[in-house]
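First comes the structure, then the notes that go with it.
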Amino acid sequence: MEISDKEFLAPGHRACAGCGATIGVRLALKVLGENTVAVSATGCLEVITTPYPETSWEIPWMHVAFENAAAVASGVEAALKSQGKTDTTVVVFGGDGGTADIGLQALSGAMERGHNLIYICYDNEAYMNTGIQRSGATPYGASTTTSPHGKESFGEDKPKKNMPMIMAAHGVPYVATASISYPEDFMKKVKKAAEIEGPAYIHLQQPCTTGWGYNPAKTIELGRLAVETGSWILYEIEEGEFKVTYRPLQRKMVKEYLDAQKRFKHLTDLEKERIQSHVDAICIELKI
Amino acid sequence: MIEVRFHGRGGQGAVTAAEILAKAAFEDGKYCQAFPFFGVERRGAPVMAFTRIDDQPIRRRYQVYNPDYVVVLDDGLLEVVDVFSGLKDGGKIIINTNNGVETINGAEIHKVDATGIALDILGVPIVNTILLGAFAGVTGAVSIESIIKIIKETFSGEIGEKNAKAAKLAYDAAKEGH
Amino acid sequence: MVSIGAAVKEPGSTRQNKTGSWRTFKPILDKDKCIKCVNCIMFCPEGCVNKDYDIDYDFCKGCGICAEECPVKAIKMERE
Amino acid sequence: MVIKVMSANQAIAEAVKLANPKVIPVYPITPQTTISEYLAKYVADGEIDAEYIRVESEHSAISASLGASGTGVRVFTATSSQGLALMHEIIFAAAGLRLPVVMADANRALSAPLSIWNDQQDSISERDSGWMQIYAENGQEALDSILLAYRISEDKNVLLPSMVCIDGFILTHTVDPVDVPEKEKVEKFLPPYKPDHAYLDPKRPMSIGTFTDPGYYMDARHDMELAMERAQKIIAKAHTEFSEIFGRDYDFVEKYRSEDADLIIVAMGSICSTIKDVVDELRDAGEKIGLVRVRVFRPFPTNQIYEAIKGASKIGVIDKNVSFSVGGVLTTEIRSKTGLDASGFIVGLGGRDIKPSDIKEIIEKTKNPTKHTQWIGLNKEEL
């Protein structure tokens, strides 16, 4: 795969040391190249990359609000089309809150209308920009500031919302999951998404050192553990065809992934086993 | 200024009739205004629409409370709506009916079996254009030529032709009635 | 004077902000050991390892991902 | 000159056709809907070369408008009432991003209780957003105001969005004669939109919608205030050129038989047509009554209003909105900005019909000034 040496997200941004979001954006833009317009939802990424009068973006970039990135991108795409600029790629970067929660309606509309754009949800599994509050993408058992563990609680008590399948149900031509820890897999998917005519959705898992509670050096390691334990599955749905794109040689125990993070530290063995059996059920079905 | 009130049921075309009348009056060189009393009523519910015609530009923008003419698209409305409300002395009512309708408050009542004409010519009981033909014949407030022109502009092709024919028939009948 | 709509017309201008000062530990690459696997280039959140495997210390925040992900342990994190 | 009998909604759609925006994201809502429908038809028939986006909400209608405008093209959207309220957050963003979006608002009451009928609470409630606002009296003015709005909003000395407000049903669904100008004249009046400040183009990357700390935000907002002030001159110039090209005169305020009036009524929108009839009637009876119609509400034409009403000994201001416990917004703004005493009247909320007798009642009450807000046309048992 041709990958640009050029960086389209400049350093000097205000992300935490070890930030997974900026890795994801860097990798995606290396694939998409300079003839790209990016739209961001409000969130960490927007705040850390555009502290006026500076910007990290080397390509045109626009942000309007939290819940409307897909709608803004719809307008961008339509306007480019109206000017005959159909070779320009439109990419959206929205966090899990901006995608699975507050931005779901606008995203659903954009996907169903068939705009030719790529929506990348960079999922760090909580509202990190505002200080680690629970989102619809927060996994079962995670302790956040609004789903804290306590005497009566083991943290988040609902499973993670299945965003990629919600997108797949829209019948869009391309849906994929990805992880920043598997850059080749991710970049291949971005390339496919760019080449396909119509809307594409990529759900990118991206560990967050601050929100998940681990040493910043371990960002890639955590993403890898999520996949190697079967907690996060890499797949794509191309024209309705479901395909797992990566299978761990030997699936690791979920406990290893959970124990590496502060947000799961409070879980009892019983709760960890419950999570394990949930992961097992899915992985067995998918032959992982 | 001539003020007209249309009474109909949702779906019968009272609003369209009011607009055709306004456009026809404009065609005649008059100033005009038409608007519905727009409810959330659905098909079948009583509705009202209004038309104003004048030699001067029309400014006022409130409902018509004292009409010179009232057009009733459906005699069943007499049971539920006071179609005579505010009618000016010497005012006229044009009503689609094949029943006996009583004269009330000295208003001049003109009965038109518009449904009968509609079924004959259009094959469907749509009466708004027919009543406009009758209106032109009864009141002389608008020319039948302009009514026919706007009907044909509003409904294209065969439907327009048939509606125009039906309107003309009602117009002639109304003239004979005088 | 703020630009109209606070738009920023100088792409990549966060380069004015040298985040190297955030660092506590500094990655030192032993180029003799390096096998040029691109892991450090790919995984750097700052994008501050160039194609010649030079680390831009003006921006490196010292997160240590590069050292952690180096398959031959060619990068060591040293106290500033 | 082609005069056709049409509704104000169709007049607006005709104006949009003439202005030829490249992107039209709209969502249906009563009584705006027919604007969306006319535009959909024009696009379907190839009469407008534009991308028509059938968005899933008003929030996305305005959001997509901003995205499109950000690429440097002209855009149009329209809404009403709840739709405008749903847009609220992005309404502020549009102005802050300095994107010259033009939007029609079919003025309708806000819920609750639910009402589909006219008052001006919806747009008045967006008065602090940084949008310019024009309140049209009739269909002709609705059409003309859309053209004026693009011209003013897109001026590089202004770069603020505009809202053209038309009274729901009273204008949106009323047909009367409207002169639809020739395309050539419109092209002469309205140059193509060529932005420099916000333009998403890979050849010249820029970031739009950045994050400001306390060191910048206030200055950016102050810049909007300056733009709104500059807009006064640009609007005056646009009015003059509009008159030269199209032969119709507009001003910030319209003075109707008010020059020598002892008593002046001030109002906005379609109600002014009825007031003019009443003024004529009372003038014939020897009363020195006049009307001052506020057409441009933002930027607020303080001087023009002051000059128009200062000579009258009695002033009555009519509002189709209310700021609870304060009064009608036009009333309170006229009082505070001109320093003149004015009686305030609330009328027509939720589409209550305003008859000449209501206007006469207001005139009588204005003769005995009070600071107390008076609601006119309430059901008797409410009084």
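Naming convention: chains lettered A, B, ... in sequence-line order (proteins, then strands); numbering from 1 in each chain.
Both the backbone and the side chain of D/T71 come within contact range of chain A, with heavy atoms under 4.5 Å apart. Neither the backbone nor the side chain of D/I24 comes within less than 4.5 Å of any heavy atom in chain A. Contact annotation for D/I90: only side-chain heavy atoms (C-beta onward) come within less than 4.5 Å of a heavy atom of chain A. Only the side chain of D/L97 comes within contact range of chain A, with heavy atoms under 4.5 Å apart. For chain D, the nearby parts of A/V47 are the backbone and the side chain; heavy atoms of each come within less than 4.5 Å.
Heavy-atom neighbours of D/K183 NZ from other residues, nucleotides or ligands within 6.0 Å: above the threshold of 12. Other residues, nucleotides and ligands contribute only 12 or fewer heavy atoms inside 6.0 Å of the CE atom of D/M218. Other residues, nucleotides and ligands contribute over 12 non-hydrogen atoms within 6.0 Å of the NZ atom of A/K192.
Here the CZ-CD1 distance, from D/F211 to A/I48, works out to 11.0 Å after rounding to the nearest 0.5 Å. Note that CG of A/L80 is 9.0 Å distant from CG of D/D201, once rounded to the nearest 0.5 Å. A distance of 7.5 Å separates CD1 of D/I53 from CD of A/E77, quoted to the nearest 0.5 Å. For the atom pair OG (D/S57) and CD (A/E67), the distance works out to 9.0 Å, reported to the nearest 0.5 Å. Going from atom CD of A/E34 over to atom NZ of D/K203 covers 10.0 Å, rounded to the nearest 0.5 Å. Interatomic distance, CG of D/L200 versus CD1 of A/I59, reported as 10.0 Å (0.5 Å rounding).
The two atoms that bring D/E51 and A/S82 nearest to each other are CG-CB, 3.8 Å, heavy atoms only. Across A/V76 and D/G67, no two heavy atoms sit closer than the pair CG2-O, 3.3 Å. Across all their heavy atoms, A/A71 and D/S60 have their closest contact at CB-OG, 3.3 Å. Taking all atoms of both residues into account, the shortest heavy-atom contact from D/S207 to A/W57 is OG-CB, 3.9 Å.
Within residues 16-23 of chain D, the residues having any heavy atom under 4.5 Å from a heavy atom of chain A are, by residue number, D/K22, D/V23. Contacts between residues 97-111 of chain A and chain D, defined by a heavy-atom separation under 4.5 Å, are made by A/Q105, A/A106, A/G109.
Heavy-atom pairs under 4.5 Å with chain A peak, among D/V75, D/T212, D/V55, at D/V55. For the options D/Y52, D/Y216, D/Y199, D/Y217, heavy-atom pairs under 4.5 Å to chain A are most numerous at D/Y216.
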